[in-house]
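Report on the structure given below.
Whatever order the structure lists ligands and atoms in, that order sets their numbers, starting from 1.
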Amino acid sequence: MTVITTIEDLRVLAQKRVPRMFYDYADSGSWTESTYRANEADFQKIKLRQRVAVNMENRSTATKMVGQDVKMPVCIAPVGLTGMQSADGEIKAAKAAEKFGIPFTLSTMSICSIEDIAQNTQAPFWFQLYMMRDREAMAAMIERARQARCSALVLTLDLQVIGQRHKDLKNGLTAPPRPTVANLINLMTKPRWCLGMAGTRRHSFGNLVGHVKAVTDMKSLASWTNEQFDPRLSWPDVAWVKERWGGKLILKGIQDVEDARLAVQSGADAIVVSNHGGRQLDGAQSSIEALPAIVAAVGDQIEVWMDGGIRSGQDVLKAWALGARGTMIGRAMVYGLGAMGEAGVTKALQIIHKELDITMAFCGRTHIADVDRSILLPGTFPT
Ligand SMILES: Cc1cc2nc3c(=O)[nH]c(=O)nc-3n(C[C@H](O)[C@H](O)[C@H](O)COP(=O)(O)O)c2cc1C
């Protein structure tokens with residue numbers, strides 16, 4: 001039995017335990033996957049300055065994200081089909097996040113519903129909204145998030161149309177998987193996953209089936225998305241969502257300084273510098289490279305967060321040093337969940353927290369609030 005010490009260990013275990021179509025769905029980017037790779041690789045280029053003979057006692061990584069206390073500047077990113085990585089996956093991840101002391105974001109495209117999360121956790125969670133053509137359904141979904149006492153709404157702006165991920169097309173991604181010969185053969189090698197799924201009734205899109213018109217069957221995720229998602233989404237629609245919701249609003253998927261300025265004008269509470277984990281515009285800058293210019297332009301007017309490529313606490317520290325006041329983790333959570341369920345998500349969070357804390361100490365800081373770009377080696381980070 002391998003001792004799990006890194007997110008990579010969790011990824012390897014998840015690959016063994018999760019049916020191929022769902023593992024591939026997570027471990028892929030669009031087209032050549034250049035942005036997907038750059039998200040991780042660009043973190044590696046940034047070097048830290050080692051400082052010594054500094055009192056490193058009494059450290060804290062605690063801070064706030066949109067006014068909410070967090071044990072570290074990390075939250076769980078919205079990830080579609082999380083409940084296909086492990087049975088009731090969203091509930092498991094939300095529980096792990098709650099116990100750890102960071103926020104969980106539920107995707108519109110989740111398997112467990114908004115109500116499922118509300119019933120199984122006490123801490124307020126966040127809900128991520130995709131804009132669909134059916135505005136009545138949108139209004140109803142916002143209302144359900146309110147009823148479930150969600151404490152922030154995350155509106156994703158970078159998926160009006162879907163980037164092509166070759167593996168999903170080749171695997172014929174569906175939730176639940178179709179009983180084809182290839183799928184059945186693959187499922188036979190995943191007994192743990194099958195057993196989990198046999199024990200839950202949550203096998204399809206819990207937020208949509210029975211709630212959004214025409215959603216009784218979602219054979220092909222990609223073609224369904226192309227039919228239902230609203231390609232017209234623009235800033236007046238953001239204003240519409242903001243008014244309907246009336247609470248904390250986070251805009252996710254900003255990569256450009258101009259868009260960041262428009263986001264500030266929209267009155268949102270935070271923006272997430274994100275390229276959707278390299279799953280949308282292939283060839284876009286990595287998030288960590290895009291971050292500094294956006295922080296310089298709007299960092300004093302709005303909370304700027306980032307996601308994409310975070311696989312360690314060092315990555316979180318580097319993002320913070322470059323001005324991100326929060327981060328989201330997608331695949332790091334997914335791999336933990338696929339590997340070991342709730343315990344795996346907890347493990348992922350522990351790994352990231354410990355590494356963040358110790359690396360901060362090596363850089364001669366004891367409080368995350370005192371970390372800025374002076375911990376980074378000049379010339380090794382984007383400006
Ligand atoms: C499998 C998968 C599904 C995702 N589904 C959604 C989603 O439903 N809504 C959304 O806003 N972002 C979605 N994302 C993007 C994540 O929220 C986040 O931006 C991205 O995963 C960050 O990169 P990382 O995985 O390298 O941490 C998804 C990402 C992955 C990997």
Requested in this report: Compute the minimum heavy-atom distance from G308 to ligand 1 and say whether it is under 4.0 Å.
Outcome: yes
Query raised in the report: Is it true that R202 and E90 make a salt bridge, defined as a side-chain N closer than 4.0 Å to a carboxylate O?
Result: no
Report task. Assign the ring pair W126 / W305 to parallel, tilted or perpendicular, where the plane angle (0 to 90°) is split at 30° and 60°. Result -> parallel
Report task. Consider ligand 1: state whether an atom of it lies below 4.0 angstrom from any non-hydrogen atom of Y130. Result -> yes
Query raised in the report: Going by distance alone, is a donor N or O of one side chain under 3.5 Å from an acceptor N or O of the other, for D282 and S34?
Result: yes
Query - Sub-4.0 Å atoms of ligand 1 with respect to non-hydrogen atoms of T156 - result: 10 (C), 11 (O)
Query raised in the report: Among T105, I329, D307, which one has a heavy atom closest to atom 18 (C) of ligand 1?
Result: D307
**Report entry** Residue pair K92 / S86, side-chain donor-acceptor N/O under 3.5 Å
**Finding:** yes
**Report entry** Salt bridge present between D237 and R135 (N-O < 4.0 angstrom)
**Finding:** yes
Requested in this report: Taking only heavy atoms of K252 into account, list the atoms of ligand 1 that are under 4.0 Å away from them.
Outcome: 10 (C), 11 (O), 12 (N), 15 (C), 16 (C), 17 (O), 18 (C), 19 (O)
Query raised in the report: Which protein heavy atom lies closest to atom 26 (O) of ligand 1, and at what distance to 0.1 Å?
Result: G309 N, 2.8 Å
**Report entry** Closest protein heavy atom (residue, atom, distance) for atom 8 (O) of ligand 1
**Finding:** S107 OG, 2.6 Å
Report task. May I ask you to identify, for V79, whether its side chain, its backbone, both or neither come under 4.0 Å of ligand 1 on a heavy-atom basis? Result -> both
Query raised in the report: Are a donor atom and an acceptor atom from the side chains of T366 and D370 found within less than 3.5 Å of each other?
Result: no
Query raised in the report: atom 2 (C) of ligand 1: which of R279, Q128, Q85 has the nearest heavy atom?
Result: R279
Query - Salt-bridge criterion met for D357 and R59 (N-O under 4.0 Å) - result: yes
Requested in this report: Report yes or no: does R311 have a heavy atom closer than 4.0 Å to ligand 1?
Outcome: yes
Query - Element-labelled atoms of ligand 1 that are located less than 4.0 Å from some non-hydrogen atom of R331 - result: 23 (O), 24 (P), 25 (O), 26 (O), 27 (O), 31 (C)
**Report entry** Sub-4.0 Å atoms of ligand 1 with respect to non-hydrogen atoms of S274
**Finding:** 19 (O)
Query raised in the report: Which option, G330, P78, G277, owns the non-hydrogen atom nearest atom 14 (N) of ligand 1?
Result: P78
Report summary line: Value for OG (S28) from CD (Q164), rounded to nearest 0.5 Å, stands at 11.0 Å
Query raised in the report: For atom 5 (N) of ligand 1, what's the nearest protein heavy atom and its distance?
Result: G80 N, 2.9 Å
Report task. Output, in order, the C-alpha distance, side-chain angles, deciding distance and verdict of side-chain contact (heavy atoms from CB on, under 4.5 Å) for F127 and R144. Result -> CA-CA 10 Å; F127 182 64; R144 285 168 63 202; over 6 Å; no
